[in-house]
Amino acid sequence: MSGPEGTNISKGEVNRAGRLWAEFLVRWREVGNGALEEFDTRDIVEADGLIALWRSLHARPLSIVGANLRYYLREQAPSITAQRLKRHTTIVDKLIREPRMNLTQMADIGGCRAILPDQEKVDAVTRRVKTNWTIVRTRDYVREPKPSGYRAVHHIVRRKDCLIEVQLRTPMQDIWANQVERDSRRLGIGLKSGLGSELVHAYYAQMSDLFALREAGSEANPEFMQRLRDHHQAARPYLEGEGERRRQR
Amino acid sequence: MSPNDIKHFLVIYDVTRGPAIVEEFGNDYEAALAAYTEREHEYRDRDGVDIVLLGAESLEIIKKTHSSYFEPVDGFERFFEPAAS
């Protein structure tokens, strides 16, 4: 039987491998090496290989989408793009967070990110890719920001059997997302996934609104800025204190 | 503008140590993929170590698109005047 990309594996096998690893990783984090007694090590190793294989099948489609995107971005210069393949642990963590998700449906194993000079150019690229690509879905987090404050336009593209995510951001949207990512890593908290203190998220969301206003050429009124300062003050202990605790561990 | 023009970089970021370590593979995607899996096994589930395989026309571009691995840790405070504490 011929599976994805001419391999002899089936999507069912890939999905079972992802699920097995999700179950294994949960137990591993709970009981450490004891988890090895609850699972067949051969199954774990085999599933590990299947996840790696499934990810590697995204390499070529990802590069093709990336090359197309670079071509479209040339019309909207100065813009830049890079591609990334998702880390094994991050893939499995997503399956843990979303128990009904199949690994073969995960849309961001391969991702491209582009930073464009402004929203108008993002929208121009969006029009271009919608004409030329098979778009499975589009999420416009600029018109409808995530509750976290995340703003960007995401397109999920199908290339052969693989889904590739394309993130289009303006400079300030990108600065915001990278700062949240940096704080997540520094504090060891999945702020990116909505975890951590609500006070921090309220501050981030207000900050994202400020960036959106500024990129649209407006300036925030004094009440807005006062709210931002208040949110900042409230979030500060979490942004600083948690960091201290982590460094001491 | 071919998919093969891309250069591959394995970025290893240890939050306790600061700047990311970058392994460069040029256009050799196969070697980069093999090293990715190898490093993941090496650092599997180690708290505070992030590994990611990135590709772009140059490392300079990676440093801009994935700046969280490369720029110093600072906050949003540079974009407004915080209240005096």
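To find a chain, count down the sequence lines: A is the first, B the second, and so on, and within it residues start at 1. The figures here come from the full heavy-atom set of this structure, side chains too, leaving out hydrogens, waters and symmetry mates.
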Quick check on [X] against chain B: is it the side chain, the backbone, both or neither that has a heavy atom closer than 4.5 Å?
X	answer
A:D48	side chain
A:I115	side chain
A:H232	side chain

Which bit of [X] comes within less than 4.5 Å of chain A, counting heavy atoms only: side chain, backbone, both or neither?
X	result
B:E30	neither
B:F9	neither
B:F76	both
B:H41	side chain

Any idea which of [options] has the most non-hydrogen atom pairs under 4.5 angstrom with chain B?
options	result
A:A59, A:S56, A:C112	A:A59
A:M225, A:Q226, A:R169, A:R214	A:R214
A:K86, A:H88, A:R113, A:Q83	A:Q83

- Any idea which heavy atoms bring B:A83 and A:R236 closest together, and the distance?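 Of all heavy-atom pairs spanning B:A83 and A:R236, the closest is O-NH1, 4.1 Å.
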
- Enclosure of B:E81 CD (heavy-atom neighbours >12, cutoff 6.0 Å):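 No, not enclosed.
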
Any side-chain heavy atom of [X] sitting closer than 4.5 Å to one from [Y]?
X	Y	value
A:M207	B:F80	yes
B:R78	A:I175	yes
B:L33	A:L85	yes
B:V11	A:R84	no

- Message: Once rounded to the nearest 0.5 Å, what's the spacing between atom CZ of B:R44 and atom CZ of A:R87?
- Response: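 B:R44 CZ to A:R87 CZ: 9.0 Å, rounded to 0.5 Å.
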
- Message: Within this structure, what is the CD1-CZ distance for the pair B:I6 and A:R70, rounded to the nearest 0.5 Å?
- Response: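 The CD1 atom of B:I6 sits 4.0 Å away from the CZ atom of A:R70.
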
- Best-contacting candidate, B:A56, B:G55, B:A32, B:P82, against chain A by heavy atom pairs under 4.5 angstrom: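 Of the options given, most contacts go to B:G55.
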
- Any idea which of B:I51, B:V52, B:T37 has the most non-hydrogen atom pairs under 4.5 angstrom with chain A?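 Most heavy-atom pairs within the cutoff with chain A belong to B:I51.
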
- Query: Should the pair A:R55 and B:Y36 be classed as cation-pi, given the thresholds of under 6.0 Å to the six-membered ring centre and 45° from the axis?
  - Reply: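 Yes, A:R55 sits over the ring of B:Y36.
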
- Message: Sub-4.5 Å heavy-atom contacts with chain A: which residues of residues 58-65 of chain B show up?
- Response: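 Residues B:I61, B:I62, B:K64, B:T65 are the ones that qualify, each having a heavy atom under 4.5 Å from chain A.
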
- Message: A:N178 vs B:E71, test: side chain to side chain contact (heavy atoms under 4.5 Å, CB included). Steps then yes/no.
- Response: CA-CA 10 Å; A:N178 272 297; B:E71 287 182 359; over 6 Å; no

- Residue that, paired with B:S68, satisfies side chain to side chain donor-acceptor pair (under 3.5 Å) out of A:Q179, A:R182, A:R185: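 Exactly one option meets the side chain to side chain donor-acceptor pair (under 3.5 Å) with B:S68, and it is A:R185.
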
- Kindly write out the residues that satisfy side chain to side chain donor-acceptor pair (under 3.5 Å) with A:E215, not counting sequence neighbours, or none if the list is empty.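 For A:E215 the side chain to side chain donor-acceptor pair (under 3.5 Å) partners, ignoring immediate neighbours, are A:T170.
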
